[in-house]
Protein chains: 2
Amino acid sequence: MPAERTRSTGSDRLRDSALAGDLSFLLARANALALAAANAALATHGLKARSYSVLALAADDVRPTQRELAEFLRLDPSQVVALVDGLEQRHLVERHADPADRRANVLVATDAGRALFARARDAVRAVGIDSLSVVPAQDQARLARLLRLLAFPD
Amino acid sequence: MPAERTRSTGSDRLRDSALAGDLSFLLARANALALAAANAALATHGLKARSYSVLALAADDVRPTQRELAEFLRLDPSQVVALVDGLEQRHLVERHADPADRRANVLVATDAGRALFARARDAVRAVGIDSLSVVPAQDQARLARLLRLLAFPD
DNA sequence: TATTGTTATACTCTATAACTATA
DNA sequence: TATAGTTATAGAGTATAACAATA
């Protein structure tokens, strides 16, 4: 077994810079790593983080409108149009008319969409668990709770 | 005084979705919010998060090469060229020849660069403290420590 | 041979405004 | 008059490959 992990690059001294102590920088770098890992895991399913997130909310039974998706995922409504178009053309999701507001589209996953999501979710979870393994087990839930405060500050 | 904070949107039920429990999603959303806040604070100084990060490392005395900047900031080396070009044209940083490796450029901030960085840093810190205020004071250091594990997993 | 910085290019993502249909 | 979705488009960001200088 390896006695200790080795660092991959020779730029270790940059970690002692003031920037490396900034929470915003740590967030950005952690997100970049997690995003790359998630996209790599999703590629075999023809998804990326964005389309996976939309599919996940459609497969859940929250029946989101496109406007809600935009706000929740921090995207412009016009970007949601493109994402939903792509998923709908692959028959993974459907736009349903909202009976309460005929302007709004409610997004619902098809059976094929739910099946693909289940497989993609397993792949994403596997890399997520691997990425989280650097965090002590007893701290993982606390980290998620604290991150949630930052992600939903109101 | 307000009795309690109010939520800004009507899509609260999406927060009960499985996606909202994913660490990767929380990271992405927290990062999106922090990035938007930082960019807004930096705009008056003619900087964005990217250029601010490069300037910060140049103003620190770590003397990073462009290759190190690329790896540290998770950018392509060609993007670093463009960022450094912009800062150098504004006389905020200089490319110095690395005596140890004549292929490499070491980045150093000018006096003007250090002065601008000091002002920009104060602005960024102000919004950072504000964003962090949603996290209990006794948890803030722990959050930074855990995030650092995710940002630098090796 | 491999690596640093650079250039060129294509591709994706993002932001903005205008339009329609409904409220 | 305001809002949900759509379209168009321009700008910013990203990824890739090739090149010269140096290791």
Side-chain angles (χ1 to χ4, degrees), chain A residues 8-11 14 28-29 31-33 35-36 38-40 42-43 46-54 58 63-89 93-108, chain B residues 8-11 14 28-29 31-33 35-36 38-40 42-43 46-54 58 63-89 93-108:
Chain A
S8 56
T9 74
S11 61
L14 298 197
R29 197 176 205 274
N31 179 56
L33 294 175
L35 185 63
N39 279 336
L42 288 167
L47 295 171
K48 297 184 179 181
R50 293 272 167 81
S51 46
Y52 170 79
S53 297
V54 171
R63 300 180 64 81
T65 67
Q66 294 188 190
R67 190 61 56 153
E68 289 172 327
L69 288 174
E71 195 285 330
F72 197 63
L73 302 176
R74 304 289 305 171
L75 300 173
D76 190 272
S78 64
Q79 298 174 244
V80 175
V81 172
L83 285 168
V84 173
D85 280 351
L87 293 172
E88 196 173 38
Q89 280 161 21
V93 303
E94 288 171 353
R95 288 172 161 101
H96 286 193
D98 184 347
D101 184 343
R102 284 194 299 169
R103 293 173 304 178
N105 293 331
V106 160
L107 212 65
V108 179
Chain B
S8 57
T9 72
S11 62
L14 298 198
R29 197 175 205 274
N31 179 57
L33 295 176
L35 185 63
N39 279 335
L42 288 167
L47 295 170
K48 296 186 180 181
R50 293 272 167 82
S51 46
Y52 170 80
S53 298
V54 172
R63 299 180 64 81
T65 67
Q66 292 187 192
R67 191 62 55 153
E68 288 173 327
L69 288 173
E71 195 285 329
F72 198 62
L73 302 176
R74 303 290 305 172
L75 300 173
D76 190 271
S78 64
Q79 297 175 245
V80 175
V81 171
L83 285 168
V84 173
D85 281 351
L87 293 172
E88 196 172 39
Q89 281 161 21
V93 303
E94 289 171 352
R95 289 171 162 103
H96 286 191
D98 184 347
D101 185 342
R102 287 194 297 170
R103 293 173 303 180
N105 294 332
V106 160
L107 212 64
V108 179

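Just so we're clear, the structure is a prediction, and the values are computed from it rather than from any experiment. Throughout, protein chains are lettered first and strands after them, A, B, ... in sequence-line order, and every chain is numbered starting at 1.
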**OP:** Take atom CG of B/Asp85 and atom P of C/dT7, then tell me their distance rounded to the nearest Å.
**Re:** 7 Å
Original post:
For the pair made of CD in B/Glu88 and C1' in C/dT6, what is the distance, rounded to whole Å?
Top reply: 13 Å
Subject >> Any N/O donor-acceptor pair, B/Arg95 side-chain to C/dG5 base, under 3.5 Å >> reply: no
Original post:
How long is the gap from OG1 on B/Thr65 to NE2 on B/His96, to the nearest 0.5 Å?
Top reply: 14.5 Å
Subject >> Whole-Å distance separating the CG atom of A/Leu69 from the P atom of D/dT6 >> reply: 11 Å
Subject >> Which residue lies more 5' along DNA chain C, comparing B/Gln79 with A/Arg74 via nearest heavy atoms >> reply: B/Gln79
**OP:** Determine the minimum heavy-atom distance between B/Leu83 and B/Val54, stating which atoms define it.
**Re:** CD1-CG2, 4.0 Å
Original post:
Between D/dG13 atom C1' and B/Leu73 atom CG, what is the distance in whole Å?
Top reply: 15 Å
**OP:** Describe the nucleic acid contact of A/Asn105 in one word from base, sugar-phosphate, nothing, applying a heavy-atom distance below 4.0 Å.
**Re:** sugar-phosphate
Original post:
For the side chain of A/Ser78 and the base of C/dT16, is some donor closer than 3.5 Å to an acceptor across the two?
Top reply: yes
**OP:** Starting from P on C/dT3, measure out to CD on B/Glu71 and report it in whole angstrom.
**Re:** 15 Å
Original post:
With a 4.5 Å heavy-atom cut-off, do B/Arg50 and B/Leu75 have their side chains touching?
Top reply: yes
Original post:
So, does the side chain of A/Arg67 form a donor-acceptor pair with the base of D/dG5 at under 3.5 Å?
Top reply: yes
**OP:** Mind calculating the distance between CG (B/Asn31) and P (C/dT14) to the nearest angstrom?
**Re:** 12 Å
Subject >> Closest approach of A/Ala49 to A/Asn39 (non-hydrogen atoms, all atoms of both residues) >> reply: N-OD1, 2.9 Å
**OP:** Report yes if a side-chain nitrogen or oxygen of B/Gln66 is closer than 4.0 Å to either non-bridging phosphate oxygen (OP1 or OP2) of C/dT4; otherwise report no.
**Re:** no
Original post:
Does A/Arg103 get its side chain close enough to the base of D/dT3, under 3.5 Å, for a donor-acceptor pair?
Top reply: yes
Original post:
For B/Arg50 and C/dT14, what is the distance between atoms CZ and C1' respectively, to the nearest whole Å?
Top reply: 13 Å
Original post:
Do B/Leu87 and B/Leu47 come within less than 4.5 Å of each other through their side chains, counting heavy atoms only?
Top reply: yes
Original post:
Between atom CG in B/Asp76 and atom P in C/dT12, what is the gap in whole Å?
Top reply: 16 Å
Original post:
Is the phosphate of C/dC13, meaning OP1 or OP2, less than 4.0 Å from a side-chain N or O of A/Lys48?
Top reply: yes
Original post:
Which part of the nucleic acid, if any, lies within contact of B/Arg102, taking any heavy atom under 4.0 Å across all strands shown: a base, the sugar-phosphate backbone alone, or nothing?
Top reply: sugar-phosphate
Original post:
With a 4.0 Å cut-off on heavy atoms, is A/Asp101 in touch with a base, just the backbone sugar-phosphate, or nothing at all?
Top reply: sugar-phosphate
